[in-house]
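Here the structure comes first, spelled out in structure tokens, and everything after it is commentary.
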Amino acid sequence: MSVLDVAAAACLLAGALLALSAGVGLVRFHNTLNRMHAGTKPQVLGVLLVLLAMWLHRPTWSNAGPLLLVAISQVVTVPVAAYMIGRAAYSRESSDDDTELPAAD
């Protein structure tokens, strides 16, 4: 294994753990604003680490273009979506208890 393969594996593992923590946060937190934070912060970094792992696995310029396009779209769209969700929750004045998950049977 080369150094790039080890770095790709480390980035992939870290990205997967961040995505898992985002999923756990979405299930565990009880209101919209907390879920919004849990769903955006680790998710974006996790996706960026997975994209970096993909590029490190095959570091060519033909792979860099699409991966960079996906990374830029993630960095731009996720904060905008989080802002809109937060704004809607704030305008409804229901961010404390509006999205309680039903109890598991």
Side-chain angles (χ1 to χ4, degrees):
M1 282 183 92
S2 70
V3 175
L4 287 178
D5 289 336
V6 172
C11 287
L12 188 61
L13 182 62
L17 289 174
L18 284 169
L20 178 66
S21 71
V24 169
L26 287 174
V27 172
R28 184 177 171 133
F29 292 137
H30 297 291
N31 63 27
T32 302
L33 297 178
N34 288 340
R35 284 188 185 144
M36 179 184 66
H37 178 76
T40 57
K41 304 301 183 198
Q43 184 268 336
V44 172
L45 183 58
V47 167
L48 292 177
L49 285 171
V50 169
L51 292 173
L52 178 62
M54 291 171 65
W55 185 76
L56 288 172
H57 183 65
R58 301 223 190 255
T60 63
W61 288 109
S62 62
N63 288 340
L67 295 176
L68 189 61
L69 183 66
V70 171
I72 289 171
S73 68
Q74 281 288 307
V75 169
V76 170
T77 58
V78 171
V80 171
Y83 171 75
M84 296 305 292
I85 291 170
R87 185 174 163 185
Y90 182 75
S91 69
R92 286 181 42 191
E93 297 183 86
S94 59
S95 64
D96 288 334
D97 61 350
D98 67 338
T99 55
E100 290 290 325
L101 288 175
D105 293 329

What heavy-atom pair brings [X] and [Y] nearest, and what distance separates the two atoms?
X: Gln74; Y: Val47; value: CG-CG1, 3.8 Å
X: Ala38; Y: Leu26; value: CB-N, 4.2 Å
X: Ala53; Y: Ala8; value: CB-O, 3.2 Å
X: Ala89; Y: Leu33; value: CB-CD2, 4.4 Å
X: Thr60; Y: Trp55; value: O-NE1, 3.4 Å
X: His37; Y: Pro42; value: O-CD, 3.8 Å

Can you measure from [atom1] ([X]) to [atom2] ([Y]) and round to the nearest 0.5 angstrom?
X: Ile72; Y: Leu51; atom1: CD1; atom2: CG; answer: 11.0 Å
X: Asn63; Y: Leu56; atom1: CG; atom2: CG; answer: 11.5 Å
X: His30; Y: Arg35; atom1: NE2; atom2: CZ; answer: 8.0 Å
X: Leu13; Y: Leu18; atom1: CG; atom2: CG; answer: 10.0 Å

Side chains of [X] and [Y], heavy atoms from C-beta outward: is any pair under 4.5 Å?
X: Leu12; Y: Leu49; result: no
X: His57; Y: Leu4; result: no
X: Val75; Y: Leu48; result: yes

Hey, quick one: are Val76 and Leu68 part of the same hydrophobic cluster, counting side-chain heavy atoms closer than 4.5 Å, chains of contacts allowed?
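Looking at the clustering, Leu68 is in the same group as Val76.
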
Answer yes if Val50 and Val70 sit in the same cluster of Ile, Leu, Val, Met, Phe, Trp and Tyr residues linked by side chain heavy atoms under 4.5 Å apart, and no otherwise.
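Same hydrophobic cluster.
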
Taking CE in Met36 as the centre, count heavy atoms belonging to other residues, nucleotides or ligands within less than 6.0 Å. Is the count above 12?
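Counting other residues, nucleotides and ligands, CE of Met36 exceeds 12 neighbours.
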
